[in-house]
Amino acid sequence: MGIYLNSSTAYTLYKNETKKPYFVDKTLILEQLFPLVDEGTNYICITRPRRFGKTVMANMIASFFSKAQDAADVFDCLKISQDADYQIYRNKYNVIHISFNDISRQCTSYEQYIARIEERLIKDLQKEFPDAKLAQEQSAVDALTDIYTDDCSIRFIFVLDEWDFIFHRDFINEIDKEKYVAFLSNLLKDRPYVVLSYMTGILPIAKYSSGSELNMFAEFTMVNSPMFGEYFGFTDDEVDDLYRRYIVECDR
């Protein structure tokens, strides 16, 4: 198990979420992702304000696709288990799941921030693919490219949560933001090792990617697209159901 690659963290967090009294099953979003996985090299970014369930959704997606842990005990009782292709996709993929808000207390510069991410990812790749003979000083892009070059069947689903987190840090300046966008572009754009890149955040990509760096992403916001809307926040029926649960909890 790695920190980012095929980590069990998402499984643990999502399983805990399903045990809460006000858990809402949003797993049918996976039906929208299955065709994108089949096609390969797809990129979607879903931006929403805080408290719209973006991180819970990212954990759910990572725990469903990742080889790290058999998640049947979680998903067999959820809505997605009724899909005819459920067994085909569950826990069959190498998943790189990065929460960009995971930051060490000692981090005081962009260079420290991004170096920590790359170092952790490369360590995961070295552990998972020892035959690739990766060097720690390599970039993550070079390491992933080397793995794919050695065996083109090895590809990855990327689940990237809070892509814009560092834009709100005091130590980040405008040049750093440009470097960070370039990092994401270099890591993901036109890379054959990418099966799917699912990314979330608050800020719209279009506002912070002035050129073509991240134009491969199809971006879904609350304003410009109703697609995926029912999976973030709560529908009227879900609010009614949550209220009924609340009344039951209060009567206990």
Quick check: does any side chain N or O of [X] sit under 3.5 Å from a backbone N or O of [Y], one acting as donor and the other as acceptor?
X	Y	result
S66	N6	no
D164	G201	no
N59	L13	no
E118	A140	yes
E213	A182	no
D161	A58	no
Y93	V195	no
N101	F165	no

Check: Taking the six-membered ring for Trp, are Y89 and F64 ring centroids under 6.0 Å apart?
Finding: no
Notebook entry, point to check: With a 6.0 Å cut-off on ring centres, are Y14 and F75 close enough?
Noted result: yes
Student check: side-chain heavy atoms of [X] and [Y] closer than 4.5 Å:
X	Y	result
N94	L5	yes
R155	V194	no
Q136	K123	yes

Do [X] and [Y] have side-chain atoms, one donor and one acceptor, less than 3.5 Å apart?
X	Y	result
Y198	N42	no
S81	R90	no
Q138	D146	yes

Notebook entry, point to check: Could you state the interatomic distance from CD1 (I98) to CG (L160), rounded to the nearest 0.5 Å?
Noted result: 5.5 Å
Next item on the list: Indicate the atoms forming the closest heavy-atom contact of A71 with S63, along with that distance.
Entry: CB-O, 3.7 Å
Notebook entry, point to check: Heavy-atom count around K92 NZ within 6.0 Å, excluding the residue itself: above 12?
Noted result: yes
Next item on the list: May I ask you to check if K177 and F167 form a cation-pi contact, with NZ or CZ under 6.0 angstrom from the six-membered ring centre and within 45° of the axis?
Entry: yes
